[in-house]
*Asks:* 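A single structure is presented below for examination.
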Amino acid sequence: MNVIETLRERGFIEKTTHNDELVEYFDQGNITCYIGFDPTAQSLHIGSLVPIMSLAHIQKHGHRPIALVGGGTGLVGDPSGKTETRKLLTPEMVEHNARGIEKQLSRFIDFSKGKALILNNADWLTELKYIPFLRDIGRHFSVNRMIKAESYKMRLEGEEGLNFIEFNYMLLQAYDFLNLFDTYGCRLQMGGSDQWGNIISGIELIRKMRRETVFGITFPLITTSSGVKMGKTVAGAVWLDSERTSPYEYYQYWINTDDNDVIRFLALYTFLPMDEIRDVEKLEDDDLNSAKTVLAFEATQLVHGRQEAVKAYHAAASMFGARIVSERIMPTSTIPRDKADFDDISVPNSFFDLKQIQAGIPAFKLFHFVGLTPSGSAATRLIKQGGAYINNNRIDSTEYMINENDLNNKEILLRAGKKRFHKIKIRC
RNA sequence: GGUGGGGUUCCCGAGUGGUUAAAGGGAACAGACUGUAAAUCUGUCGGCAAAGCCUUCGGAGGUUCAAAUCCUCCCCCCACCA
């Protein structure tokens, strides 16, 4: 099966340029394509997972993906589809972030022996000379056309405006494509739907300057059924870096997937075969939750490795009750399906001295201290509303003092609401 | 450079001297119902050991018993003109 068909079937493709030629191009085998990643943070988040997975699929089909870290373009800032001007990053920050991103990408894509390349456009963009660039590249761009581009529309019509540095972004990205075409024979650029304008400009530049046909694919913007952008939570983005989002939290994010999103997400965010994923259609109640468990496990395993995924799975089972995933639900998944001793080492926890506990700590202070609530006031409110629990017993007084009587097997389990847990352990 | 319009609590957005921790909506959180889902209903939604006190309306000063609201200077954004 051609990769394009695989990607289309799994929901990765929003738009392509010249579709038929593109399929033919892939049929030649061992083609080269690229996606740019902006180094705006030192970690990628769930929002980048679609581009990453698509590169991984393409590599599995025997082609050569290029991950282009935008060390150069990150110094300019892409205004596409953004309502606000990006804060400018310092070269040091960009460099630092680029390293973090490289590390994360290599979990999904095999960069050994030239099977995939990771490049940084700072290598060529920072060398550019202004006047030659304007004469060679700039003259191929029509401002009349650029200002009509959808990607600039929001900014031209909105309140924020568009400044000149950002206006140049499109030229730089087009130049990247030209450069990768010249150097690596790369004929396909992919990106989010907001990248359409930038991708097209690269395709046109190559046609004008090299008289060659190259291609573009955009991915749909993935939102949850309730319309929220993928990976956005109150606490901020869900990161791929375990320092920023622990594997347990990451797993929990996926387990909380809306019923209506399970199939779509399994297709996009796991490598499980489509015929198994389609069977989820028939599942309901407990079985549907099992499917979510598989989704969470597989997604966590991809980013954090099997060991962390198993830990997160066990921790969740110990808190929420074990659920054995039946063999008939997505048999290809490597999720553990037997009864095991569920440990909970991945549940967020902190250590206290026995003395501190014996001295007594007001419950609301402790909830605040371990981070279950953002302030003491919020903790007090939580208790008033009946949402605070110790060892699964509701706290009924805001005055409640926690002391050694609350110790249960040398631990105290704090719970805020239905699903946020924290364990207090005694330091030995 | 000129003229006009703006900057309010997480977001949008009311508020032009006191009853304003600041309307309304959204988001979020809790409870009920459930399946760690959605929908619905109810409540909460600046901080603080808290019937009180403290901090907040772009920033810094000032007037006043009292300022998000009035005055001065500064910063930032937008539109039109140049």
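Computed from a prediction, not measured in an experiment: that's the story for all the values here. Lettering follows sequence order; numbering is per chain, from 1.
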*Asks:* Please report, rounded to the nearest Å, how far the C1' atom of B/rG47 is from the NZ atom of A/Lys365.
*Replies:* 12 Å
*Asks:* Between A/Asn121 and A/Asp176, do the side chains contain a donor N or O and an acceptor N or O under 3.5 Å apart?
*Replies:* yes
*Asks:* Rounded to the Å, how far apart are A/Phe364 CZ and B/rU44 P?
*Replies:* 21 Å
*Asks:* Can you tell me the base-pairing partner of B/rC80? Count Watson-Crick or G-U wobble geometry only, both distances below 3.5 Å, and say none if there is no partner.
*Replies:* B/rG2
*Asks:* Rounded to the nearest angstrom, tell me the gap between atom CD in A/Glu399 and atom P in B/rA50.
*Replies:* 11 Å
*Asks:* So, under a plain 3.5 Å distance rule, would you say the side chain of A/Gln385 forms a donor-acceptor pair with the base of B/rG43?
*Replies:* yes
*Asks:* Can you tell me, in whole Å, how much space there is between the P of B/rC11 and that of B/rA66?
*Replies:* 31 Å
*Asks:* With rounding to the nearest 0.5 angstrom, report the OG1 to CD distance, A/Thr270 to A/Glu276.
*Replies:* 9.5 Å
*Asks:* If B/rA28 has a Watson-Crick or G-U wobble mate with both distances under 3.5 Å, name it; if not, just say none.
*Replies:* B/rU44
*Asks:* Between A/Ser201 and A/Gln173, is any side-chain donor less than 3.5 angstrom from a side-chain acceptor?
*Replies:* no
*Asks:* Between B/rG17 and B/rG13, how far apart are the C1' atoms? Round to whole Å, please.
*Replies:* 22 Å
*Asks:* Would you say B/rA28 has OP1 or OP2 under 4.0 Å from some side-chain N or O of A/Arg420?
*Replies:* no
*Asks:* When the C1' atoms of B/rU8 and B/rG15 are compared, how many Å lie between them, rounded to an integer?
*Replies:* 9 Å
*Asks:* Looking at B/rA32, I'd like to know if its phosphate oxygens (OP1 or OP2) sit under 4.0 Å from a side-chain N or O belonging to A/Arg394.
*Replies:* yes
*Asks:* Given the C1' atoms of B/rA60 and B/rC12, what is the spacing between them in whole Å?
*Replies:* 29 Å
*Asks:* Using the C1' atom on both, measure B/rC80 against B/rC53 and round to a whole Å.
*Replies:* 50 Å
*Asks:* Expressed as a whole number of Å, how far does the P atom of B/rC29 sit from that of B/rA38?
*Replies:* 10 Å
*Asks:* Using the P atom in both, what is the distance from B/rG43 to B/rA79, to the nearest Å?
*Replies:* 43 Å
*Asks:* So how far is it from A/Ile101 CD1 to A/Phe37 CZ, rounded to the nearest 0.5 Å?
*Replies:* 8.5 Å
*Asks:* Tell me what A/Ser375 touches on the nucleic acid: a base, only sugar-phosphate, or nothing, going by heavy atoms under 4.0 Å.
*Replies:* sugar-phosphate
*Asks:* Does B/rA67 pair with anything, Watson-Crick or G-U wobble, both distances under 3.5 Å, and if so, with which nucleotide?
*Replies:* none
*Asks:* Quick check: do A/Arg107 and A/Leu240 have side-chain heavy atoms less than 4.5 Å from each other?
*Replies:* no
*Asks:* Generate the contact string for nucleotides 33-38 of chain B. Rules: B means base contact, S means sugar-phosphate contact only, - means no protein heavy atom under 4.0 Å.
*Replies:* BBBBBS
*Asks:* Heavy atoms only: give me the nearest A/Phe351-A/Arg427 pair and the separation to one decimal.
*Replies:* O-NH2, 3.7 Å
*Asks:* Find which nucleotide of RNA chain B each of A/Gly417 and A/Thr380 is nearest to by heavy atoms, and output the residue with the more 5' nucleotide.
*Replies:* A/Gly417
*Asks:* In whole angstrom, give me the gap between the P atoms of B/rU69 and B/rU16.
*Replies:* 12 Å
*Asks:* Rounded at 0.5 Å granularity, tell me how far NZ in A/Lys365 sits from OG1 in A/Thr380.
*Replies:* 9.5 Å
*Asks:* Just call it for A/Phe421: base, sugar-phosphate, or nothing, with non-hydrogen atoms closer than 4.0 Å on any strand.
*Replies:* nothing
*Asks:* Pairing check on B/rU16: which nucleotide meets the Watson-Crick or G-U wobble criteria with it, both distances under 3.5 Å?
*Replies:* none
*Asks:* For residues A/Ser193 and A/Thr218, report the shortest heavy-atom separation together with the two atoms involved.
*Replies:* CA-CB, 4.0 Å
